[in-house]
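Submitted below is the structure of interest, expressed as structure tokens.
Just follow the structure's listing: the first ligand is 1, and inside any ligand the first atom is 1. Computed from a prediction, not measured in an experiment: that's the story for all the values here.
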Amino acid sequence: MRMYDLIEKKKNKKALSAKEIQWMIHQFTKGELPDYQMSAMLMAIYFQGLNEQETLDLTLAMRDSGDCLDLSGITGIKADKHSTGGVGDKISLILSPIIAALGIPMAKMSGRGLGHTGGTIDKLECFPGFTTALGKEQFIQNVNTIKLAIAGQTANLAPADKKLYALRDVTATVDQMSLIASSIMSKKLALGSDVIVLDVKTGSGAFMQQFSDAKALAKMMVSIGTMAGRKTSAVITDMDQPLGNAVGNSLEVIEAINALSGNGPADVMEVVYALGAEILILSGAAKKDDAVEKIKTCITDGLAIQKFSEFIKAQGGDASFVFHTEKFLQAKYKMKVAAPKEGFVQKICAKEVGSVCMMLGGGREKKEDVIDPSVGIYLLKKRGSFVQKEETLAYVFANDKSKGEAAVRDMIHSYTIGKDAPEQEQMIKAVIHSAQ
Ligand code: URA
């Protein structure tokens, strides 16, 4: 087989066979295909697309490019949750202990933040001592004993995706639906959970800004998961403004702790309930009409926050921070973002808020960048709020005064204030099950 012929074939909009895709991924993972040929293929895929069968074949080839975790040592139906990424997205921190406290093993693999979106691992590392570098045995043992473990992506889990993603990042080929679906699902399938629930974000802070694209991506991933024999569903949720009030690592951890203690922002809790209900229903632990109630009871009974503290401790973190959030590192400066005029908050550009957080040091432009956990933004006013001129819209938390001042200016621009009240956006836009 020659890569030249496969590029030519895709360039002419012909479908690649399973054998051709397997060969291409195998050669690429081994380092036997030059990046320039793979880049040409990615661009051909970007413009000509992959059909459903090709997308599935690519996913399976990437899954098989490295190790697949055998979770058969864990008793019960194992669940996993994945978000396509957003700003202020702390849902995994809240949902994982809730599901575990309800008795369902959560074996989760999480990532770090890159660009304007945050990552669960960076947030968890706000707890001194916390580690996601768990060996396979430790990972399985933790899920068996406390029903929850979160690990980082090991070097050999879907290594083809890791290499391909790096290439997509520099060739402007990230935002192609089949490439996103196969990238996410190859890692989910390699992990081996029985139930996979996907949070597909849509809006200004998401990869898929249009609802129709988010829906197509959700359907594609659900269909891949289902074809691979996993119970899979997707919830399409709003990412047109940041989720919750906190953006920035320790600020988000504190918001998650508050949510687990019964004081979560309404939009955050709506997403937690929707995704949690899907996990409980697919795992057979609840019915449609009692799933949300079970989650609420788990929080009010104190089981959720207790499980979170148990989990932090089990992965080496200082769990005293869970009950004493004042211990988290504080930023030096707290700066007010004042409303430039009176009116309704019509829009808050999620992507811009994420970029402001990154500029303050709360995110990474490059993989090697070191995160400052204490910086970020706390939004007091969200879409639909009426504000007076000079009223506080948000606070910026910074350790560098001039960066803080720039952040305040950028935050003012990320708000759109006008005289008309905006239409109410629904947080949960759709739920996609298999065969829909
Ligand atoms: N997250 C992934 O893991 N892969 C993508 O392609 C996009 C988001």
Is it true that a side-chain atom of S186 and a backbone atom of T59 form a donor plus acceptor pair closer than 3.5 Å?
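Absent.
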I'd like to know if the side chain of Q315 reaches the main chain of I150, judged simply by a donor and an acceptor atom lying under 3.5 Å from each other, with no hydrogens or angles considered.
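Present.
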Contacts of type salt bridge (Lys or Arg N to Asp or Glu O under 4.0 Å), residue E125, not counting sequence neighbours
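R112.
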Run the side-chain contact (heavy atoms from CB on, under 4.5 Å) test against A15 and tell me which residues pass, sequence neighbours left out.
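Only N51, E54 meet the side-chain contact (heavy atoms from CB on, under 4.5 Å) criterion with A15.
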Could you check whether any side-chain N or O of Q176 sits under 3.5 Å from a backbone N or O of S178, counting only pairs where one atom can act as donor and the other as acceptor?
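Yes.
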Neighbouring residues of ligand 1, heavy-atom cut-off under 4.0 Å:
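Lining ligand 1 at under 4.0 Å, by heavy atoms, one finds Y165, R168, I180, S183, I184, K187, F207.
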If the condition is side-chain contact (heavy atoms from CB on, under 4.5 Å), which residues does Q424 pass it with, not counting sequence neighbours?
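side-chain contact (heavy atoms from CB on, under 4.5 Å) check on Q424 returns nothing, list empty.
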